[in-house]
Undergrad: 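Dropping the structure in here first, questions after.
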2 protein chains.
Amino acid sequence: MADPMWRQIAEDLRLKIESGELGGGGRPLPSELELRDEYHASRNTVRDAVKWLTTRGLVETRPGRGTFVVTKIDPFVTELSTGIGAGPGAESSAYISEVGIRRRTAEVSAPRVEIHQAKGLVWDELQVAEGATVVSRHQKRYIDGTPWSLQTTFYPIRLVELGATRIIQAEDMPDGVSAYLEETLGIAHAGWRDRFTVRAPDRAETDFFDLPDDGRIAVFEIIRTGYDDSGDPFRVTITTYPADRNVFVMNVGEVPAEARVDTPGPDG
Amino acid sequence: MADPMWRQIAEDLRLKIESGELGGGGRPLPSELELRDEYHASRNTVRDAVKWLTTRGLVETRPGRGTFVVTKIDPFVTELSTGIGAGPGAESSAYISEVGIRRRTAEVSAPRVEIHQAKGLVWDELQVAEGATVVSRHQKRYIDGTPWSLQTTFYPIRLVELGATRIIQAEDMPDGVSAYLEETLGIAHAGWRDRFTVRAPDRAETDFFDLPDDGRIAVFEIIRTGYDDSGDPFRVTITTYPADRNVFVMNVGEVPAEARVDTPGPDG
DNA sequence: CCGTATTTGTTCGTATGTATT
DNA sequence: CAATACATACGAACAAATACG
C-alpha cells in the first residue's frame with residue numbers, strides 16, 4: 001500500500017528543504033493554508049506532515065510566525081581524558097580545558113549543595129548503606145552564555161566527617177574537589193569509571209537546556225565514579241549534555257596534536 | 001496559562017503508567033474511545049495525549065490491538081578501551097570481549113566490501129586527496145540475534161597497493177584488519193581518536209535496528225580514526241548503535257575489577 | 001475460512017484561541 | 001486594531017489491522 005498522504009507530503013517537503021528550494025535564508029515555509037491548497041489536502045493533513053518534520057528535527061514551528069528550517073549549530077567539542085595524568089576533571093577552572101573549541105568562554109554557577117539519603121544509582125555506586133547520608137553539589141555550566149551541561153556530584157558524608165568540610169560549602173572550587181580531597185585527606189584519585197548513556201530529558205533538563213517539550217532531543221549522560229587507591233568509590237558525578245549540540249572526543253595512544261579536537265566536516 | 005487538555009491527559013496517563021495503575025502485566029491501556037469518555041474529550045484529543053507518550057517512548061500503539069507500555073530492555077554494555085594495550089578492536093572475534101554482559105552471543109555478518117571515492121568526513125579524516133580511492137568494509141553486528149551495531153571501516157587504497165590485498169576480500173577477519181596490517185605491512189597501530197555523537201538515524205539504520213519511523217530514537221555514532229606510529233591516519237571506522245539499548249563504559253586508571261562493566265541500578 | 005466486533009490510522013471539516021506582525 | 005499564522009479542540013467517516021467465535 002502507498003504511504004499515507006501526510007507522509008508523502010512530508011517526504012516532498014523534506015526533499016524541497018534539503019535541496020534548498022524551501023526555507024532557505026531564514027525564510028519560513030509556506031503557511032499551512034498555502035500548503036493545504038498546494039497539496040489539495042486538509043489543513044490537518046499538512047499539519048501532520050509538518051509535525052513529522054518537526055519530530056525529525058528538520059523544522060520548527062512558531063505561533064504567529066511560521067515554520068522554519070532548523071539550522072544545525074556548531075557543536076561543543078569536549079575531550080574526555082583517558083589517563084590519570086590528564087586529571088579527572090576539576091570543578092570549574094580546569095574543565096574549561098575540556099572544551100576543545102577555543103574562543104569560547106565557559107562559566108559555572110555557584111554550586112547548590114544538598115544533603116540526601118543515598119538510594120538507587122548513587123547508593124549502588126558509592127557502596128554505602130542504603131539511606132546513608134550523602135552530599136551533593138549541583139552546578140549549571142555554560143559556554144558562551146548558552147546552557148551547556150548540568151552536573152551533580154555525590155560524596156559520602158564520611159568525607160566531611162573526616163575533615164573535608166569545604167565540600168558542604170556552596171562555593172565553587174576552581175581547582176576541583178578531587179584536588180582538595182587529596183590535600184586535606186590524602187585521598188588519591190586512582191581511577192574512575194565513566195558510563196555513557198543517552199536518554200530522554202527530564203523536566204529540569206528540558207527547562208535548563210530549552211529543549212522542545214516533546215522530548216525528541218535526547219540528553220547525553222555521563223556517570224563518573226571515582227575510586228581511591230584502595231579501590232573504594234568516593235564520588236559519583238552525573239553530567240548531562242543536550243545531545244544535539246555536543247561531541248565528545250577521546251584520544252588513545254599517540255594521536256597527532258593537530259587532529260585531537262578537530263571538528264568533523266560534512267558527512268560522507 | 002494552564003496546560004492544554006491533551007497535555008493534562010498525557011500527564012495523568014504518565015502518572016498512572018509509572019505507578020503501575022495502567023498497562024501493567026502487558027495489558028493494554030484503555031482504548032481511545034474509553035479514554036475519550038473518561039476524560040470527557042474528543043477522540044482526537046486523547047490521541048494527541050497518547051501521541052505525546054509515544055514520542056517520549058513510554059508507550060507504543062499497535063493498530064487493531066491497543067496501546068501498550070514499553071518495557072525497557074536490558075542494555076548492551078560495551079567497554080571502550082583506554083589504552084593501546086587493550087587493542088583497538090578486531091573485526092569480529094575480539095570485539096565480543098567488548099561486550100560486558102556475558103551469556104550473550106555475538107555474531108557478525110560477512111563484510112560488504114566496496115570501493116569509493118573519498119569525500120566529506122572520510123576524506124577529511126584520512127587526509128587523502130579529495131576523490132582518492134578508498135576501500136570500505138561494512139558489517140552488521142548482532143547480539144543474541146538482535147541487531148546491535150552497523151560498522152563501516154574505510155582504508156586508503158594505498159594499503160592494498162602496498163600488499164595488504166586481503167582487505168578487499170569479502171571475508172571476515174576475526175583477528176582484525178589492524179593485526180593483519182601490522183603483520184603484512186608492519187603498520188603499527190600507535191593510537192586512535194574516538195569521536196562520539198548522537199544523531200537521528202538514517203533510513204538504513206531505521207531498517208536494520210527496527211527503529212520507529214518518527215526518528216525519536218537516536219543512534220549513537222562512534223567515529224574512530226586510527227593512526228600509525230608516524231602519526232598518519234590509515235583507517236576510519238564509523239560504528240552506529242541504537243541509543244535506546246546501549247551503554248558504554250570507560251575505565252581509567254585503577255578501577256576495581258568487579259565494578260568495571262556493571263549494569264546500573266535504577267536511577268536515584 | 002469467514003464474518004463481525006474492536007481498535008488504531010487516516011482524512012476531512014469546522015470553530016475558536018493565542019502569538020506575532 | 002486588524003490581519004496572519006500556528007495551536008487546540010471537537011465531530012465525523014472510512015480504512016486497515018487484529019481478535020474471536
Side-chain angles (χ1 to χ4, degrees), chain A residues 1-13 17 22-23 25-70 206 210-216, chain B residues 1-14 17 22-23 25-70 210-216:
Chain A
M1 191 53 185
D3 277 347
M5 193 191 300
W6 65 265
R7 191 72 171 74
Q8 296 178 39
I9 295 173
E11 206 57 43
D12 191 63
L13 289 174
I17 288 168
L22 284 182
R27 282 175 8 259
L29 265 57
S31 76
E32 292 171 350
L33 295 183
E34 288 169 321
L35 292 175
R36 171 190 58 146
D37 295 340
E38 182 177 338
Y39 289 105
H40 305 292
S42 77
R43 185 175 160 234
N44 280 330
T45 300
V46 304
R47 272 179 66 79
D48 283 343
V50 173
K51 178 92 174 176
W52 186 83
L53 297 172
T54 304
T55 308
R56 302 299 304 249
L58 273 76
V59 302
E60 63 186 15
T61 59
R62 296 171 206 229
R65 308 255 343 251
T67 302
F68 299 84
V69 174
V70 172
T206 302
D210 194 27
L211 300 179
D213 174 66
D214 57 16
R216 112 183 82 93
Chain B
M1 194 53 183
D3 277 348
M5 191 189 299
W6 66 265
R7 193 70 172 72
Q8 294 179 39
I9 295 173
E11 206 58 41
D12 191 63
L13 289 173
R14 186 180 67 82
I17 288 169
L22 284 181
R27 285 174 6 261
L29 264 55
S31 76
E32 291 171 352
L33 295 183
E34 288 169 321
L35 291 175
R36 166 188 60 133
D37 295 341
E38 183 178 336
Y39 290 105
H40 305 293
S42 76
R43 185 178 160 228
N44 279 330
T45 301
V46 304
R47 274 179 64 80
D48 283 344
V50 172
K51 178 91 173 177
W52 187 83
L53 297 172
T54 304
T55 308
R56 301 300 302 252
L58 274 77
V59 301
E60 62 186 15
T61 60
R62 295 166 198 252
R65 307 257 343 252
T67 302
F68 299 85
V69 173
V70 172
D210 194 27
L211 300 178
D213 172 66
D214 58 16
R216 110 183 85 93

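Proteins come first, then strands; the chains are lettered A, B, ... in the order of their sequence lines, and each starts at number 1.
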Undergrad: Taking CH2 from B:Trp52 and C1' from D:dT8, how many angstroms apart are they, rounded to a whole number?
TA: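 Those two atoms, CH2 and C1', are 17 Å apart.
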Undergrad: Could you measure the distance from the CD1 atom of B:Ile9 to the CH2 atom of B:Trp52? Nearest 0.5 Å is fine.
TA: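 Nearest 0.5 Å value for the CD1-CH2 distance: 13.0 Å.
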Undergrad: Just how far, in rounded Å, is P of C:dC12 from CG of A:Leu35?
TA: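 That distance rounds to 13 Å.
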Undergrad: Which residues satisfy the side chain to side chain contact (heavy atoms under 4.5 Å, CB included) test with B:Asp37, sequence neighbours excluded?
TA: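 For B:Asp37 there are no side chain to side chain contact (heavy atoms under 4.5 Å, CB included) partners, ignoring immediate neighbours.
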Undergrad: Partners of B:Glu11 by side-chain hydrogen bond (donor to acceptor under 3.5 Å, both in side chains), sequence neighbours excluded?
TA: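 Scan of B:Glu11 (side-chain hydrogen bond (donor to acceptor under 3.5 Å, both in side chains), adjacent residues dropped) gives B:Arg7, B:Arg14.
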Undergrad: Would you please name every residue forming a side chain to side chain contact (heavy atoms under 4.5 Å, CB included) with B:Thr61, sequence neighbours left out?
TA: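 Expected list: B:Val50, B:Thr54, B:Thr67.
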Undergrad: Assign a letter to each nucleotide of nucleotides 2-11 of chain C from its 5' end: B, base within under 4.0 Å of a protein heavy atom; S, sugar-phosphate only; -, no contact.
TA: -----BBBBS
Undergrad: Can you tell me the distance, in whole Å, between the NE2 atom of B:His40 and the C1' atom of D:dT8?
TA: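 Atom-to-atom, B:His40 to D:dT8, this comes out as 19 Å.
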Undergrad: What pairs with A:Pro28 under side chain to side chain contact (heavy atoms under 4.5 Å, CB included), at least two apart in sequence or on another chain?
TA: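 Once residues adjacent in sequence are excluded, the partners of A:Pro28 under the side chain to side chain contact (heavy atoms under 4.5 Å, CB included) criterion are A:Phe68.
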Undergrad: Measure CG/B:Asp37 against P/D:dC10 and give the value in whole Å, please.
TA: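 The distance from CG of B:Asp37 to P of D:dC10 comes to 12 Å, rounded to the nearest Å.
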Undergrad: Applying side chain to side chain contact (heavy atoms under 4.5 Å, CB included), can you list everything that pairs with A:Arg27, at least two apart in sequence or on another chain?
TA: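 A:Arg27 satisfies side chain to side chain contact (heavy atoms under 4.5 Å, CB included) with no residue once adjacent residues are dropped.
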